[in-house]
Trainee: 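My questions will all concern the structure given below.
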Number of protein chains: 2
Amino acid sequence: MSNAKVLPLLEPDVVAPCCPPLNERPMSADEAEVAAKMFKALGDPVRLRLFSAVASHEGGEACVCDISDVGVSQPTVSHHLKKLKEAGLLSSERRGTWVYYRVEPAVLAAMGALLTGAAGASA
Amino acid sequence: MSNAKVLPLLEPDVVAPCCPPLNERPMSADEAEVAAKMFKALGDPVRLRLFSAVASHEGGEACVCDISDVGVSQPTVSHHLKKLKEAGLLSSERRGTWVYYRVEPAVLAAMGALLTGAAGASA
DNA sequence: CAGCTGTATCGATAGACGTCAACATAGACG
DNA sequence: CGTCTATGTTGACGTCTATCGATACAGCTG
């Protein structure tokens, strides 16, 4: 359902739930704690595949039943989706029988900026 | 999509040691294995701070002695720097008494592209 | 050579993490 | 209401990991 907003692309304040680019200045302990959670969420192959499956699905959202074929048991899939949700990378919504997961573009963009900033201009 | 390089510092083929953007298609198991290693390397607060310290240092390189003030013991710092090196994010070089660590821009850019691609255009 | 400083490795330990089977819950449908 | 499917939760278990103290190695300096 749901294609109300198709291209939210990048609004101005959408990019910055966390920290400045890695090369701007040494990260504080608190910043690192926050950012590391997000990176850690993508630091597992199964989670990365689940996330990629959702992100590459139509509209950036997918039913669990569409993406749960990653070679691990159903509880494990549920566990990993929960982790991704806790990290702020996905959001979920129940619609009748199925639960749909959707990517959170803002957080994703923030992580990208963290890296591309550092890659683009090495201090 | 592939070669959108805005910055003169990025050479064309520098970006692609791994995989297409997360939203292009569901990631294969092998791709996920490779990419997850890189994300996992940044998935620890101490490593993230060490990496940021190196990246934000002049020239994108720093002596261990300049960045080892992150609240953990010296062996632990060494351990984390080794991990970052194994993940391909840093390279090291001994110069006399000190060892210098330097960021690997290519890998960093690849990770950024993985994310910004997905953030820019939701499936 | 001897001693000092900077960095890496080793061995041990506590805690986190991925995984599964079993069970619980939510909604659909008869 | 009973049952079936889809998903989440719990508890257990083995493995990985972050951390430290002790120690080894490298290079400077006296």
Side-chain angles (χ1 to χ4, degrees), chain A residues 1 27 29-30 32-54 57 61-102, chain B residues 27 29-30 32-54 57 61-103:
Chain A
M1 60 120 116
M27 225 172 191
D30 287 344
E33 202 75 41
V34 172
K37 273 202 184 76
M38 309 192 303
F39 283 112
K40 182 184 281 183
L42 294 182
D44 179 275
V46 174
R47 277 199 292 270
L48 205 46
R49 292 185 69 190
L50 287 171
F51 186 85
S52 172
V54 173
H57 229 256
E61 93 172 7
C63 163
V64 177
C65 56
D66 289 328
I67 61 175
S68 50
D69 189 21
V70 287
V72 295
S73 68
Q74 175 269 322
T76 302
V77 169
S78 190
H79 167 74
H80 284 306
L81 288 172
K82 185 180 183 181
K83 287 272 190 162
L84 287 167
K85 197 170 147 187
E86 286 171 355
L89 295 172
L90 292 179
S91 58
S92 69
E93 178 191 354
R94 172 157 227 139
R95 288 207 284 275
T97 303
W98 297 281
V99 175
Y100 289 80
Y101 280 80
R102 185 169 31 204
Chain B
M27 223 170 193
D30 287 344
E33 202 76 41
V34 172
K37 273 202 184 77
M38 309 191 304
F39 283 113
K40 182 185 278 183
L42 293 182
D44 179 277
V46 173
R47 277 198 294 271
L48 206 45
R49 290 185 70 190
L50 286 171
F51 186 85
S52 172
V54 173
H57 228 256
E61 94 172 6
C63 164
V64 177
C65 58
D66 288 328
I67 61 175
S68 50
D69 189 20
V70 288
V72 294
S73 68
Q74 177 270 324
T76 302
V77 168
S78 190
H79 166 76
H80 283 306
L81 287 173
K82 186 180 183 183
K83 287 272 189 164
L84 286 167
K85 196 171 150 188
E86 286 171 354
L89 295 172
L90 292 180
S91 59
S92 70
E93 180 192 352
R94 171 155 227 139
R95 288 208 283 275
T97 304
W98 296 280
V99 175
Y100 289 80
Y101 280 81
R102 184 169 32 204
V103 305

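Residue numbering restarts at 1 for every chain, and letters A, B, ... go by the order of the sequence lines.
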Trainee: Separation of Arg47(B) atom CZ from dT17(D) atom P, in whole Å?
Mentor: 9 Å

Trainee: Could you go through nucleotides 20-24 of chain C and list every protein N or O atom that sits under 3.5 Å from one of its N or O atoms, giving the distance for each pair?
Mentor:
from	atom 1	to	atom 2	distance (Å)
dC20(C)	OP2	Ser73(A)	N	2.7
dC20(C)	OP2	Ser73(A)	OG	2.9
dC20(C)	OP2	Thr76(A)	OG1	2.9

Trainee: Answer with base, sugar-phosphate or nothing: what part of the nucleic acid does Tyr100(B) contact at a heavy-atom distance below 4.0 Å?
Mentor: nothing

Trainee: Does any non-hydrogen side-chain atom of Leu84(B) lie less than 4.5 Å from one of Leu42(B)?
Mentor: yes

Trainee: Side chains of Lys40(B) and Lys37(B), heavy atoms from C-beta outward: is any pair under 4.5 Å?
Mentor: no

Trainee: Any side-chain N or O of Tyr101(B) less than 4.0 Å from the OP1 or OP2 oxygen of dA8(C)?
Mentor: yes

Trainee: Using a cut-off of strictly less than 4.0 Å, decide whether His80(B) has a side-chain nitrogen or oxygen near OP1 or OP2 of dT19(D).
Mentor: yes

Trainee: Side chain of Val46(B) only, heavy atoms from C-beta on: which candidate in dT19(C), dT7(D), dT19(D) is closest?
Mentor: dT19(D)

Trainee: May I have the distance from Leu50(B) (atom CG) to dT19(D) (atom P), rounded to whole angstrom?
Mentor: 10 Å

Trainee: Looking at five pairs on each end of the helix from dC1(C)-dG30(D) to dG30(C)-dC1(D), what is the angle between the two axes, given to 10 degrees?
Mentor: 20°

Trainee: As a test of reading the structure: which of dT9(D), dG27(D), dG27(C) is closest to the side chain of Arg94(A), going by heavy atoms?
Mentor: dG27(C)

Trainee: dG6(C), dT7(D), dG18(C): which one has an atom nearest the side-chain heavy atoms of Thr97(B)?
Mentor: dG6(C)

Trainee: Let me know the distance between NZ of Lys82(B) and P of dC25(D), rounded to the nearest Å.
Mentor: 15 Å

Trainee: If we only count heavy atoms from C-beta on, is the Val103(B) to Leu89(B) side-chain gap below 4.5 Å?
Mentor: no

Trainee: Taking atom P of dA8(C) as reference, at what distance in whole Å does atom CG of Leu81(B) sit?
Mentor: 7 Å

Trainee: For Lys40(A), report the nucleic acid contact type (base, sugar-phosphate, nothing); a contact means any heavy atom under 4.0 Å.
Mentor: sugar-phosphate

Trainee: Less than 4.5 Å apart, any side-chain heavy atom of Val34(A) and any of Asp30(A)?
Mentor: no

Trainee: Which heavy atom of Met27(A) sits nearest to which heavy atom of Ala35(A), and what is that distance?
Mentor: CE-CB, 3.6 Å

Trainee: Looking at every strand, decide which applies to Arg95(B) at a 4.0 Å heavy-atom threshold: base, sugar-phosphate, or nothing.
Mentor: nothing

Trainee: Roughly how many Å is it from CZ in Phe39(B) to C1' in dC17(C), rounded to a whole number?
Mentor: 19 Å

Trainee: Check for a donor-acceptor pair, side chain of Arg47(B) on one end and backbone N or O of His80(B) on the other, with a separation under 3.5 Å.
Mentor: no

Trainee: Just the rounded figure in Å: distance from P of dT15(D) to CG of Asp44(A).
Mentor: 17 Å

Trainee: Among the candidates dT7(D), dG8(D), dA18(D), find the nucleotide nearest to the side-chain atoms of Cys65(A).
Mentor: dT7(D)

